[in-house]
There are 2 protein chains.
Amino acid sequence: MRIGELARRTGASVRSLRYYEEQGLLTSSRSASGQRRFTPDQVERVACIRQLYAAGLSSRTIYDLMPCSESPSPENSDRALERMERERERLTASIAELARARDALDGLMVLNRTDRAGLVDAAPR
Amino acid sequence: MRIGELARRTGASVRSLRYYEEQGLLTSSRSASGQRRFTPDQVERVACIRQLYAAGLSSRTIYDLMPCSESPSPENSDRALERMERERERLTASIAELARARDALDGLMVLNRTDRAGLVDAAPR
DNA sequence: CGCTTCCCTGACATGGGCGTGAGGTTCCAG
DNA sequence: CTGGAACCTCACGCCCATGTCAGGGAAGCG
């Protein structure tokens with residue numbers, strides 16, 4: 001399929017898809033006239049890429065992780081796994097941090113409600 | 001206390017603290033010579049600000065939220081609460097998304113391990 | 001006094017994913 | 001054949017919290 005189709009199917013912009021390719025996250029064959037051609041399973045790959053972006057990984061990191069992104073070998077696999085482990089930990093920490101932030105927000109909300117009640121009490125004009 | 005002290009106590013850089021002030025998130029009195037003076041309770045405030053930054057709020061949003069940041073009034077309180085509610089939802093969604101991303105990563109790890117095992121099996125030179 | 005350390009303002013740099021526009025080619029339906 | 005949609009490359013812009021450098025006052029100790 002062409003790039004517009006892939007964009008429609010994945011929800012990514014055409015620009016983003018080109019960018020992913022530029023970053024080595026996505027490969028395409030080219031038609032005689034130079035247009036990119038993608039295979040159906042790239043849809044899934046894009047979804048995966050976007051998941052990882054959503055997890056806050058950089059394109060470089062995603063590149064390093066992509067299974068068999070270049071030459072599959074036990075060494076590469078191990079390196080990737082190690083990296084994934086690290087990122088997994090980062091993610092977990094990040095989730096915990098967000099949860100803490102949410103708690104902090106809850107605290108602010110309570111505070112605000114209290115303040116508000118105080119205001120209404122004090123000056124019920 | 002002076003800005004360096006506050007930085008040490010909060011873990012924020014001096015640059016960041018100035019920036020927070022510039023964004024209206026932090027106030028300071030000035031000494032005769034123009035140096036910023038902070039009170040001890042600003043330490044907590046900075047911690048709170050950083051929590052919210054960590055939650056992905058923009059300085060503008062944080063500004064809008066800060067309790068009684070300008071004129072405390074029931075209307076302002078309500079607006080702030082509404083905003084907080086929205087941000088809370090965003091946070092919750094974001095946490096869920098990160099969790100999904102972590103699952104995706106787990107999937108990749110399993111895949112990678114499988115691939116690796118296959119490689120070792122197939123070509124155990 | 002002088003030395004070190006801190007503080008001030010102002011301004012430019014940066015990263016990174018993506019929007020956007022220019023200027024041009026290709027594809028396809030009518 | 002023709003017009004519009006889709007595609008191409010190149011390149012600049014943006015956001016925004018921070019780092020960092022320059023150039024110059026303060027603070028405080030020996």
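Worth knowing before you read on, the calculation uses all heavy atoms, side chains too, and leaves out hydrogens, waters and symmetry mates.
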A side-chain contact here means heavy atoms from C-beta on lying under 4.5 Å apart; do [X] and [Y] qualify?
X	Y	result
A/Thr61	A/Glu87	yes
B/Arg37	B/Arg2	yes
A/Val14	A/Arg18	yes

d([atom1], [X]; [atom2], [N]) in whole Å:
X	N	atom1	atom2	result
A/Met1	D/dC7	CE	P	12 Å
A/Leu25	C/dC18	CG	P	10 Å
A/Leu57	C/dG16	CG	C1'	14 Å
A/Ile49	C/dG16	CD1	C1'	16 Å
B/Glu22	C/dG10	CD	C1'	10 Å
A/Arg30	C/dC27	CZ	P	13 Å
B/Glu5	C/dC7	CD	C1'	14 Å
A/Phe38	D/dC8	CZ	C1'	12 Å

Give a yes/no on whether any side-chain N or O of A/Tyr19 is located under 4.0 angstrom from OP1 or OP2 of C/dC18. no
Would you please confirm or rule out a distance under 4.0 Å between OP1 or OP2 of C/dC18 and any side-chain N or O of A/Tyr20? yes
Check: [X] side chain, [Y] main-chain N or O, donor-acceptor pair, under 3.5 Å:
X	Y	value
A/Glu21	A/Leu26	no
A/Arg79	A/Leu65	no
B/Gln51	A/Glu97	no
A/Arg100	B/Ala54	no
A/Thr10	A/Leu6	yes
B/Thr114	B/Val110	yes

If the helix axis at each end comes from five base pairs, how far does the helix from C/dC1-D/dG30 to C/dG30-D/dC1 deviate from straight, to 10°? 0°
Pair B/Glu5 + B/Arg8: basic N to acidic O under 4.0 Å: yes
Looking at residues 6-17 of chain A, who's got a heavy atom less than 4.0 Å off DNA chain C?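 Listed by number, they are A/Ser13, A/Arg15, A/Ser16.
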Classify B/Arg18 by what it touches in the nucleic acid, base, sugar-phosphate, or nothing, heavy-atom distance under 4.0 Å.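 Answer is base: heavy atoms of B/Arg18 come under 4.0 Å of a base.
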Between A/Tyr20 and A/Tyr63, is the ring centroid distance below 6.0 Å? no
Apply side chain to side chain contact (heavy atoms under 4.5 Å, CB included) to residues A/Gln42 and A/Thr39 and explain how you reach the verdict. CA-CA 6 Å; A/Gln42 310 267 55; A/Thr39 58; 3.2 Å; yes
Find which nucleotide of DNA chain D each of B/Arg60 and A/Ile3 is nearest to by heavy atoms, and output the residue with the more 5' nucleotide.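 The residue mapped nearer the 5' terminus is A/Ile3.
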Whether each nucleotide of nucleotides 23-30 of chain D has a protein heavy atom under 4.0 Å at its base (B), only at its sugar-phosphate (S) or at neither (-) is summarised, 5' to 3', as ---SS---
